[in-house]
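All remarks here apply to the structure that follows.
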Amino acid sequence: MNILREHVEPVLGNALESIGIQNPNWKSMLAQSREHSQGDLSLPCFPFAKQLGKNPNEIAHELSELIVKNEAIGEINANGGYLNFKAEAKWLSMQLLSGKVRIGDAFGKKSDTGRQILIEHTSANPNGPFHVGRARNAILGDTLVRLHRLLGNEVRAEYYVDDMGKQVGVLAWALDNLSDDDVDSILEDKDSVSTKWADKADHTRVRWYQAAQKLRSDESESQTMEKEIGELVHASEHGDESVLEQFHNSFQPVLDGMLETLGRLGIEFNQFTNESMFVTNGDVAKLTKTLSELEIHGVADNGAEYLDLGARGLKGKTEFFFKRGDGSSLYATRDIAYHIWKWSQCDELINILGEDHKLQSKQVGMTLQELGHKVPEVLFYSFIKLPEGKMSTRKGNVVFMDDLLEEAREHASTIVRELRTEYSEKEVFHIAESVGRSAIRFNIIKVSPDKGFTFRWEEALAFEAGSAPFIMYSLTRALSIAKKCSDNGVDVDEISNKILDFASMNMEFPDSLINLLRCMAIQNDVLERSVNQCRPNLFANQVLNLATSFNGFYRDCKIFYEGQVNELYLQVSQLASKFLKTGMEGLGITPLERM
RNA sequence: GGGCGUGUAGCAUAGCUGGAUAAUGCGUCGGCCUCCUAAGCCGAAGAUCGCGGGUUCAAAUCCUGCCGCGCCCGCCA
């Protein structure tokens, strides 16, 4: 709790000095109490024991007597070798209610911090619909974008479009050479497109891609085909405009379909950058020339060029190829050109990548460093599996995000209809859509990115405690209380803005109220840690805790009781709904007024 | 074989810049709607934090060895 820390450190510092502790590390030892009943901040006194020749608890007691309380510190106690500080409940309330604790805005456009950040995420090849596995990138990336904005950073969310190279080439070739019937007969053993998605190009066109891939693996067909695709790819890599246009026309509808899915999840981008840009504008050519002049540069028998990153400490396979024998560039080379360009657009760079890109990313980073650039920060995530095993479009072992979204909405509709028979169909639809998308996002965000997890329908569609709907529900309760008050003639805004006279207040602060205050007070501390460590799950957990704390407060503290409004409780509830709302927006959970 | 990551109650996870009684959800058992939305709340049972060693006043957390699982080790993207 950093707002308390400021008031503890000076007095604690003096006390430590007076008993002869010089150790400057004590500030990092003063930490959030683990035992909430003991306090908000705690200092373990064990390390001082040897130095002072006393037992830790004695030291803690001695310190507790030396410290002069101030307005912020409500209680100091020594227990089991720890010195604990508890925030004064009235002071904490005043800090929060008077707006000393920043609430933030997940949609903020301007930079409050002066930091300009470019986050590249998703960047999936536009050749087919999203499945839940591929969507982990988008959900993590978008959440990080939102959290950075909530913290006050200016963020640009960017999608790097692979508009050249073999994958797009295959798609373009297939669309040009295969008829509907061809595709159907080639893929006869595969399920056809669900009628639900018959109008979505990501679902329909992927069949052309798959058909072509199947043909390529077939000896008799593959030769001429491979030659034709090769020519397309070659032309694209040399910036042939008509081929690039053909590519564009092939993949754009697919990309649009994919973006529609992401839109449903609340994910949007500020900019799309095409890979071909760096070929056509000459950046790649310039780059390969520069790389060829580096001291760790090497040439293979056929003229292909590489950097020997072993010389810079890379273990394992150390040759990093950036130019083929035929002189053309590789994906990684273009990626480096892209990174150099990105660095010209921002102060900080963050990439969201699957764990399969670790080596690649390392190579790009080392090369950038070799060229005098900074290394981007990277959030790696592990893959999502299905109970049946690895997710694979080819093997048909997939869950499409579109299907998951539909299923989640339908499931939510069923629940809403059961629980709220008075709601209109239109409202049910709106609630169900919001609940579905929020639950899906939260289910993925709440787990640590570097942990692989298994997708289970029951879990994705569980709308109980520990889920997004649980959080959403807390907010609707808070909002419904405010509504109840105003329905009873209470001027909620007036009371919310009133400055309460804490000095003459002699009511007890229930534990659950203090708990909620404490939870709001640390929201920004957690946000900062979550963002700095690139771990959205930490903040997800915080918002979950906030919702839980609110539920406790809701239980114990009646805001409107026997015709009377408790002004303090109403103010706290209103503030909590703001923290809940912005926290939810930071996670991409849709705040609803009722559900 | 080498590199990176991961292993926590029946299940799924949090905690990993070392600090108190290892936290949460699902599941199990028991309670709470004349009372601001029960998608909620309260209580109970359930854990040798993969295994061994080390560092430390203190290890789920740091180091090391082993074992299991995942990913990577293309002049593919």
Side-chain angles (χ1 to χ4, degrees), chain A residues 28-29 31 33-35 37-38 42-50 55-56 79-82 84 125 127 162 164-168 275 300 302-306 314-319 321-326 328 330-332 334-335 354-360 362 380 382-383 385 390 412 415-416 418-420 435 439 446-448 450-454 456 458-459 462-474 476-485 487-488 529 533 537-538 540-541 544-545 547-548 551-552 554-562 569-570 573 594-595:
Chain A
S28 65
M29 280 157 50
S33 308
R34 190 155 140 211
E35 296 304 312
S37 56
Q38 297 292 336
S42 298
L43 180 77
C45 297
F46 308 95
F48 310 134
K50 203 178 256 179
N55 81 51
N79 193 359
Y82 289 86
N84 303 306
N125 287 335
N127 57 10
D162 184 3
M164 58 184 295
K166 203 153 252 174
Q167 297 213 32
V168 201
E275 191 178 330
N302 67 349
E305 300 184 37
Y306 61 88
L314 185 69
K315 289 176 195 158
K317 197 209 166 212
T318 63
E319 291 167 345
F321 281 87
F322 61 88
K323 196 170 169 185
R324 291 198 188 90
D326 70 2
S328 61
L330 285 115
Y331 173 81
R334 285 169 246 142
D335 199 24
E355 60 178 340
D356 55 337
H357 282 69
K358 276 186 182 173
L359 176 60
Q360 164 89 236
K362 178 95 188 153
F380 291 107
S382 213
F383 293 121
K385 297 184 293 272
K390 204 173 155 180
I415 293 174
V416 183
E418 251 169 53
L419 262 32
R420 318 273 182 253
V435 165
K446 72 175 179 190
V447 329
S448 177
D450 44 27
K451 218 162 228 171
F453 87 83
T454 306
R456 289 186 177 82
E458 322 82 89
E459 277 168 29
F463 299 161
E464 291 150 330
S467 72
F470 169 86
I471 297 168
M472 297 164 78
Y473 196 63
S474 291
T476 61
R477 283 169 140 182
L479 298 178
S480 103
I481 296 168
K483 186 172 182 297
K484 184 188 172 189
C485 289
D487 285 350
N488 280 279
R529 228 160 46 99
Q533 295 182 17
N537 59 306
L538 299 182
N541 215 270
L544 206 50
N545 288 338
T548 305
N551 289 344
Y554 170 88
R555 177 194 64 229
D556 295 340
C557 303
K558 295 284 178 246
I559 290 168
F560 191 80
Y561 191 61
E562 293 177 348
Y569 291 172
L570 180 58
S573 172
R594 50 180 216 163
M595 59 187 278

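These numbers come from the heavy atoms of this one structure, side chains and all, not from hydrogens, waters or symmetry mates.
- Nucleotides B:rU17 and B:rU61 place their C1' atoms 10 Å apart, quoted to the nearest Å.
- Partner assigned to B:rC32 is B:rG40, using Watson-Crick or G-U wobble distances below 3.5 angstrom.
- In this structure, A:F453 reaches the sugar-phosphate backbone alone: every heavy-atom distance under 4.0 Å involves primed, P, OP1 or OP2 atoms, never a base.
- A distance of about 28 Å separates the C1' atoms of B:rG1 and B:rC62, rounded to the whole Å.
- Within the 4.0 Å cut-off from OP1 or OP2 of B:rG40, not a single side-chain nitrogen or oxygen of A:N551 is found.
- Within 4.0 Å of A:T476, counting heavy atoms only, lies at least one base atom of the nucleic acid.
- In this structure, A:S42 reaches the bases: a heavy-atom distance under 4.0 Å links it to at least one base atom across the strands shown.
- Side-chain atoms of A:Q38 and A:N79 form a donor-acceptor pair, as typed in the model, at a separation below 3.5 Å.
- Closest to the A:S448 side chain, of the nucleotides B:rG15, B:rC75, B:rC36, is B:rG15.
- Atom-to-atom, CD1 of A:I559 to P of B:rU37 comes out at 10 Å; the value is rounded to the nearest Å.
- Between A:I415 and A:N79, the residue anchored nearer the 5' end of RNA chain B, judged by the nucleotide with its closest heavy atom, is A:N79.
- Rounded to a whole angstrom, the distance from the C1' atom of B:rC66 to that of B:rC26 is 34 Å.
- B:rC49: no Watson-Crick or G-U partner with both key distances under 3.5 Å is found in any strand.
- For B:rC11, the base is anti relative to its sugar; the glycosidic angle deviates from 0 by more than 90°.
- Picking from B:rG40, B:rA77, B:rC36 the nucleotide with the shortest atom distance to the side chain of A:S480 gives B:rC36.
- Looking at heavy-atom distances under 4.0 Å, A:K390 makes contact with sugar-phosphate atoms alone, never a base.
- A:R456 comes within 4.0 angstrom of the backbone, heavy atoms only, and of no base.
- When atom types are taken as modelled, the side chain of A:N488 and the backbone of A:K484 share a donor-acceptor pair closer than 3.5 angstrom.
- Contact annotation for A:N84: base contact, defined as any heavy-atom pair under 4.0 Å involving a base atom.
- Between A:K451 and B:rG7 there is a side-chain N or O to OP1 or OP2 distance below 4.0 Å.
- Here CD of A:Q360 is found 9.0 Å from CG of A:L330. Values are rounded to the nearest 0.5 Å.
- Nucleotides B:rA12 and B:rC69, compared at atom P, are 16 Å apart to the nearest Å.
- Taking atom P in both B:rC29 and B:rU34, the straight-line distance is 24 Å, to the nearest Å.
- Here the shortest heavy-atom pairing between A:S382 and A:E355 reads OG-OE2, 3.1 Å.
- Listed for the A:T548 side chain is a donor-acceptor partner under 3.5 Å among the backbone atoms of A:L544.
- Contact between the side-chain N/O atoms of A:R529 and the OP1/OP2 oxygens of B:rU17 is not found at any separation under 4.0 Å.
- For A:N537 and B:rU13, the CG to P distance is 12 Å, given to the nearest whole Å.
- Note: CZ (A:F463) to C1' (B:rC26) measures 15 Å, nearest angstrom.
- With rounding to the nearest 0.5 angstrom, the CG atom of A:N302 is 11.5 Å from the CZ atom of A:R324.
- At least one side-chain nitrogen or oxygen of A:R555 sits closer than 4.0 Å to the OP1 or OP2 atom of B:rC42.
- Note: A:S448 OG to A:N541 CG = 11.0 Å, rounded to the nearest 0.5 Å.
- Contact annotation for A:Q360: base contact, defined as any heavy-atom pair under 4.0 Å involving a base atom.
- Figure legend. B:rC69 is base-paired to B:rG5; pairs are counted as Watson-Crick or G-U wobble with both atom distances under 3.5 Å.
- Base contact: A:A300 has a heavy atom under 4.0 Å from a base atom.
- The same atom, P, is picked in B:rG40 and in B:rA47; the two are 26 Å apart, to the nearest Å.
- Closest approach to the A:R420 side chain among B:rA39, B:rA77, B:rG15 is made by B:rA39 (side chain taken as heavy atoms from C-beta onward).
- Within 4.0 Å of A:C45, counting heavy atoms only, lies no atom of the nucleic acid at all.
- Look at OH on A:Y554: it is 12 Å from C1' on B:rA39, rounded to the nearest Å.
- A:F560 does not qualify as a stacking partner of the B:rC36 base, lacking a centre-to-centre distance under 5.5 Å together with planes within 30°.
- In this structure, A:Q38 reaches the bases: a heavy-atom distance under 4.0 Å links it to at least one base atom across the strands shown.
- Closest to the side chain of A:E355, out of B:rU17, B:rA77, B:rG70, is B:rG70.
- Within 4.0 Å of A:L314, counting heavy atoms only, lies no atom of the nucleic acid at all.
- The environment of A:K362 atom NZ is sparse: at most 12 non-hydrogen atoms of other residues, nucleotides or ligands sit within 6.0 angstrom.
- Of the candidate nucleotides B:rC75, B:rC26, B:rC36, B:rC75 has the atom nearest to the side chain of A:K317.
- Atom NE2 of A:H357 is separated from atom C1' of B:rG5 by 16 Å (rounded to the nearest Å).
- A:P47 comes within 4.0 angstrom of a base, heavy atoms only.
- Counting only N and O atoms by type, the side chains of A:N84 and A:S42 include a donor and acceptor under 3.5 Å apart.
- Looking at which nucleotide of RNA chain B each of A:V416 and A:K558 is closest to, the 5′-most match is held by A:K558.
- At whole-Å resolution of the value, OH in A:Y473 and C1' in B:rA39 are 6 Å apart.
- Taking a pair to require two hydrogen-bonding distances under 3.5 Å in either a Watson-Crick or a G-U wobble arrangement, B:rA58 remains unpaired.
- On a pure distance criterion of 3.5 Å, no polar donor-acceptor pair joins the side chain of A:D356 and the base of B:rC72.
- Considering only side-chain atoms of A:D450, the nucleotide from B:rG5, B:rC36, B:rC75 that sits closest is B:rG5.
- Atom NZ of A:K315 is separated from atom P of B:rG3 by 7 Å (rounded to the nearest Å).
- A 4.5 Å side-chain heavy-atom check between A:F48 and A:M29 finds at least one atom pair inside the cut-off.
- Pair assignment for B:rC26: B:rG10, on the basis of Watson-Crick or G-U wobble contacts that are both within less than 3.5 Å.
- For the P atoms, the distance from B:rG18 to B:rC71 is 32 Å, rounded to whole Å.
- Among the protein residues, A:M595 comes within range of the nucleic acid bases, having at least one heavy atom under 4.0 Å from a base atom.
- Within the 4.0 Å cut-off from OP1 or OP2 of B:rA77, at least one side-chain nitrogen or oxygen of A:R324 is found.
- Within 4.0 Å (heavy atoms only), A:R334 reaches sugar-phosphate atoms of the nucleic acid but no base atom.
- Comparing B:rG50 with B:rA14, their P atoms are spaced 13 Å from each other, to the whole Å.
- As a whole-Å value, the separation of A:L544 CG from B:rC26 P is 11 Å.
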